[in-house]
Structures are given as C-alpha cells and as structure tokens.
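Indexing begins at 1, ligand by ligand and atom by atom, following the structure's order.
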Amino acid sequence: MIRAGVIGAGGMGAVHIKNLYENEFVQLSAICDVNAELAKQQAELYGADYYTDSSKMLEESTLDVLYVCIPPFCHGDIEEQAAAKGIHLMVEKPLGLDADSVRHKAKVIADSGIIAASGYCLRYLDTVAIAKEYLKDKKIGMVRAHYVTTPVPTPWWRKKELSGGQLVEQSTHTLDLVRYLCGDITQLYANMSLLLMNDIPDLDIPDVGAIQFVLDSGAVGHMQTGFIQFDHRSGIEIMGRDFRVILDGTTVSIVDKDKEIVYRSKSNFYRNLTNALIDAIRTGNRDLILATYEDGYKTLEATLAANTSAETGQPVKLR
Ligand SMILES: NC(=O)c1ccc[n+]([C@@H]2O[C@H](COP(=O)([O-])OP(=O)(O)OC[C@H]3O[C@@H](n4cnc5c(N)ncnc54)[C@H](O)[C@@H]3O)[C@@H](O)[C@H]2O)c1
C-alpha cells in the first residue's frame, strides 16, 4: 500500500483526499490543516491521523506520497522537507508565487530522485489526449485561448500578493494546456486591468487580461483571461494549414476541410491524476505523470512573466 498524506483539506484538498481514499492501492495515513476542525473532520471521515502543523506531520508519520493543497503564498519549505525524506509529491498549481524559489524547489526535487507531479489536472482529460495525438505530427500556426469566468469567493484569491492574480492562480490551467499541446512559450506581452469588479471588497487583482505570445515553433497566439462574467467559459483553438482543433471546456472538436469530429469527455480528470501518480509510484513508470513539477514550474514562469509584462508595458522573453 502507498501511504498518503495531504496538507490542506480545503476545497481542492477534500477532492484529492476522497480520490486517494478510493484508490485501492492507497492507505490514507495523515491529513494536516491549520484549521484544526477541518483537519479532524476530514481525518475522522477517512480514518486518518490529523495534524495542524505540517512539519510535525512529516516528522511523525511514515509517508510514501504527500499532496500539497494549500494556497501558493504559504508553501514554505514543505517540498524540500518531503524531498529530503524521499516522499513523492503532488503539488497543486500554482507551485508558488516566486519563480526563483520554485526553480530552487524543482532542483532539490530533481536531485532527490522522487516522483513529483503538479496539479495541472486537465492534462489527464481523455479529450486532451485525443487532441495531443492528433497534433503530434502537425505544424501549428496560430492559437486562440480564453478563460473567462465568474469571481472566486475565496478571500486569499482576491489579493495579488497571496494568489498572484487570476492568470497565475486560475487561468493558468488554460495556458498550461497551450504549452502541453503546442509547445513552450518563448516570448509574451500582456495587458491587464482591474476595470469592472472593483466593488468586490479587498480585491486588487486585474479582472481583464490579454496575453499575446510566441511559441518555440514560431507559432503565434493570444489568450484572454477575466472574471467579469456570470458563467464559465474556457477553451483553446489551435490552427494549422487546413485544420483546427478546438477544446471547448472538456469537449474537443477536430475540424478539417472534409469533416468535423466531436468527442465529449468521459474523464474524471482529478481521479485520473491521482490514479496515474499512484501507478507511477507503484511501477516506477514516470511517463504516467503528464504534468511534472518541472512542467508546473514552466507554466508558473510564463504566467509570472505575463504579470511582469502587464506591470512594465514591455514584452518579456522566457528561457
Ligand atoms: N487543480 C485544480 O483544478 C484546482 C482547483 C482549485 C484549487 N486548486 C489549488 O489548490 C490550492 C488550494 O486551493 P483551495 O481552493 O483548496 O483553497 P482553500 O482556501 O479552500 O483551502 C486551502 C486550505 O489550506 C489550509 N492551509 C493554509 N495554509 C496551511 C498550512 N501552512 N498548513 C496546512 N494547511 C494550510 C487552509 O486552512 C485551507 O483549509 C491552490 O493552490 C489552488 O490554486 C487547484
């Protein structure tokens, strides 16, 4: 059995806790949250030990894998502590808010040899797999992406110093899929503003943003991000000569001159992520991890670069 621990039992932590509990190869050993009541409630529900201090949990429990499901501003050195103990990791996106510190963590993780996944769960969609397979030998010319939705009620999400803003914290999923399906971003330029939602208390993050980017293949792209709507829409249109692949939410359409094929997803992408990670740990097959910690770092770097571009008015080149 793979002994699992989870730090952060809030909205996302609770989903991962349930999926871990339901995996036949997992023993859910320990749950930690600074909110003692929440930690205790989740631990009692699933028969795990509970903690309010993550260092104490890492000292006292014997774990094979640790899920880090806390907001990006408070990771501290949890990843380094886990890597030093040889505990495999699943770290929720965004991996942090400072590129240098996350790059340092990525190096510590790589040197330790542990398996480390990031929480870019949409990579585990069946429809994303279909898109990736179709695109594997295609030349892409242009990408149009969007993530436009409603405001998130979580208090820390509204503060730039705590969440990094919507692109870093939320729309990052769509920019990550652009990277996964189309290649790395080498240059970008962004405009962002807080224009319409400034009556929400304690909110200082841009509610509209437009990012123009260049991919390593030379393809060009554009993405809109915002939370000025009453419903959620996200998607990507990837165009080459005489074809396009459209991801609309979790549905994918492949369109060329002669036909249009539509696939609707049947995946539970959160469960797929956990099952893939547990199988990777059991078998040692790292190829099962579709979004590594390193992948998460590269996507974080692109979203932070977009923030820098919006602040300075200058384009930013990425490594
Ligand atoms: N992959 C996805 O689709 C997805 C969806 C939602 C959230 N997330 C990510 O998951 C992370 C958590 O988001 P959330 O929505 O669950 O937030 P949340 O505020 O609902 O929950 C976070 C929990 O972490 C706890 N916490 C904070 N600091 C802690 C610490 N040092 N030690 C232990 N517990 C601590 C809080 O008490 C809270 O219960 C964020 O990075 C977010 O971006 C990912």
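- Nearest non-hydrogen protein atom to atom 44 (C) of ligand 1 is Glu92 OE1, 3.1 Å.
- At a 3.5 angstrom cut-off on N or O pairs, Gly11 counts as close to ligand 1.
- Considering backbone and side-chain N/O of Cys121, none are found under 3.5 Å from N/O of ligand 1.
- The protein atom (non-hydrogen) at minimum distance from atom 5 (C) of ligand 1 is Met12 SD, 3.2 Å.
- When each of His75, Glu92, His16 is paired with Val68, the side-chain contact (heavy atoms from CB on, under 4.5 Å) condition holds for His75 and for no other.
- Neither Leu28 nor Tyr50 shares a network with the other; the hydrophobic side chains, linked directly or stepwise wherever heavy atoms of I, L, V, M, F, W or Y lie under 4.5 Å apart, form separate groups for each.
- In this structure, Tyr120 does not count as a contact residue of ligand 1, since none of its heavy atoms falls inside 4.0 Å of the ligand.
- Using a 4.0 Å cut-off between heavy atoms, Thr52 makes no contact with ligand 1 at all.
- Between Thr154 and ligand 1, no pair of N/O atoms sits closer than 3.5 Å.
- When hydrogens are left out, the protein atom nearest atom 34 (N) of ligand 1 is Val34 N, 3.3 Å; that is the closest non-hydrogen contact.
- Polar contact with ligand 1: present for Glu169 (N/O pair, distance under 3.5 Å).
- Remark: among candidates Trp157, Tyr51, Trp156, Phe269, the nearest residue to atom 18 (P) of ligand 1 is Trp156, based on non-hydrogen atoms.
- Interface of Ile7 with ligand 1, defined as ligand atoms under 4.0 Å from a residue heavy atom, comprises 32 (N), 33 (C).
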